[in-house]
Amino acid sequence: MSTVPHCDDVLPAGVETINLPEVSERLGIPVTRVHDLLREGALLAVRRAGVVVVPGVFLDDDEVVRFLPGLVSVLRDGGYSDEEILRWLFTEDDTLPGRPADALHGHRAREVMRRAQAMAF
């Protein structure tokens with residue numbers, strides 16, 4: 001059996017996380033499909049207190065935030081590790097304003113994508 005893709009916990013302490021069975025329930029898919037989403041880069045996970053979890057901000061009700069898979073793909077292609085991607089997504093940016101992870105939910109999502117593309121090349 002293969003391991004569930006995850007990285008070191010580089011998230012700030014206050015970031016809400018969701019365990020994989022809860023992600024599965026919210027998305028209405030089997031937990032094995034959640035593992036596939038992690039392998040594909042549609043989601044990123046960390047191990048927190050011994051449990052593999054996904055940041056709650058990566059879900060939008062019953063689906064993965066629309067721009068997240070593309071953003072992860074662009075940054076990975078640009079040579080960024082998952083830890084670096086997570087650090088960037090959860091670091092406050094006064095010019096945005098706020099964290100890029102939060103901006104993925106609104107009209108600022110395209111700006112986050114633009115910045116990720118600029119960082120990757």
Side-chain angles (χ1 to χ4, degrees):
M1 177 181 236
S2 63
T3 61
V4 177
H6 67 279
C7 61
D8 292 335
D9 187 358
V10 296
L11 300 174
V15 171
E16 175 203 358
T17 58
I18 306 168
N19 67 38
L20 300 188
E22 290 177 54
V23 172
S24 167
E25 186 176 316
R26 283 188 55 184
L27 298 178
I29 59 176
V31 74
T32 54
R33 179 66 184 124
V34 174
H35 297 176
D36 291 341
L37 293 174
L38 291 166
R39 283 186 196 91
E40 296 162 4
L43 281 174
L44 295 176
V46 299
R47 182 174 299 275
R48 181 171 272 184
V51 178
V52 177
V53 295
V54 171
V57 72
F58 288 172
L59 300 183
D60 206 4
D61 296 324
D62 61 349
E63 59 189 16
V64 175
V65 172
R66 178 178 171 201
F67 290 98
L68 183 66
L71 179 120
V72 171
S73 179
V74 164
L75 290 173
R76 280 182 174 173
D77 288 351
Y80 288 85
S81 69
D82 289 352
E83 287 91 350
E84 292 169 322
I85 294 169
L86 287 168
R87 278 190 195 102
W88 179 71
L89 281 169
F90 289 93
T91 299
E92 292 286 332
D93 183 339
D94 293 336
T95 66
L96 202 48
R99 303 179 311 183
D102 298 322
L104 289 174
H105 290 271
H107 66 279
R108 296 175 295 155
R110 292 193 190 281
E111 175 62 15
V112 172
M113 285 298 294
R114 188 195 65 72
R115 291 178 187 205
Q117 290 167 340
M119 288 170 44
F121 298 103

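Below, each value reflects all heavy atoms present in this structure, side chains not excepted, and no hydrogens, waters or symmetry copies. It should be emphasised that the depicted structure is a prediction, and the values quoted were computed from it without experimental measurement.
Heavy atoms from other residues, nucleotides or ligands lying under 6.0 Å from CD of E25 number 12 at most. Open room surrounds CZ on R110; 12 or fewer heavy atoms of other groups in view lie less than 6.0 Å from it.
Among pairs with a residue in residues 75-112, those fulfilling ring-ring contact (aromatic ring centres under 6.0 Å, His included) read F58-F90, at least two apart in sequence or across chains. Residue pairs that meet the side chain to side chain donor-acceptor pair (under 3.5 Å) test with at least one member in residues 52-70, sequence neighbours left out, do not exist here.
Put simply, the side chain of V4 does not reach to within 4.5 Å of the side chain of V34, judged on heavy atoms. With a 4.5 Å cut-off on side-chain heavy atoms, L43 and V23 count as touching.
Note that CG of L96 is 5.0 Å distant from CZ of R115, once rounded to the nearest 0.5 Å. Residue L44 holds its CG atom at 6.0 Å from CD1 of I85, rounded to the nearest 0.5 Å. The line from CZ of R76 to CG of L71 is 11.0 Å long, rounded to the nearest 0.5 Å. Here CZ of R87 is found 11.0 Å from CG of D82. Values are rounded to the nearest 0.5 Å.
Remark: side-chain polar atoms of R108 are paired, donor with acceptor, to backbone N or O of P97 under 3.5 angstrom.
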N/O donor-acceptor pairs under 3.5 Å from side chains in residues 7-19, not counting sequence neighbours:
from, atom 1, to, atom 2, distance (Å)
D9, OD1, L11, N, 3.1
D9, OD1, R48, NH2, 3.3
D9, OD2, R48, NE, 2.7
D9, OD2, R48, NH2, 3.4
N19, OD1, E22, N, 2.9
N19, ND2, E22, OE2, 2.9

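Here the shortest heavy-atom pairing between A101 and V57 reads O-CG2, 3.7 Å. Taking both residues in full, the closest heavy atoms of H35 and P5 are given as O-CD, 4.3 Å, listed atom of the first, atom of the second, then distance. Nearest heavy-atom pair across V52 and A45 is CG1-CB, 3.7 Å. Taking every heavy atom of both residues into account, L68 and A42 meet most closely at CD2-O, 3.5 Å. Between L75 and A116 the shortest heavy-atom distance is CD2-O, 3.6 Å.
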task: Go through the steps for I29 and D36 under the test side-chain contact (heavy atoms from CB on, under 4.5 Å), then give the verdict.
output: CA-CA 11 Å; I29 59 176; D36 291 341; over 6 Å; no

field: side-chain contact (heavy atoms from CB on, under 4.5 Å) between L20 and L38, worked out
entry: CA-CA 10 Å; L20 300 188; L38 291 166; 4.1 Å; yes

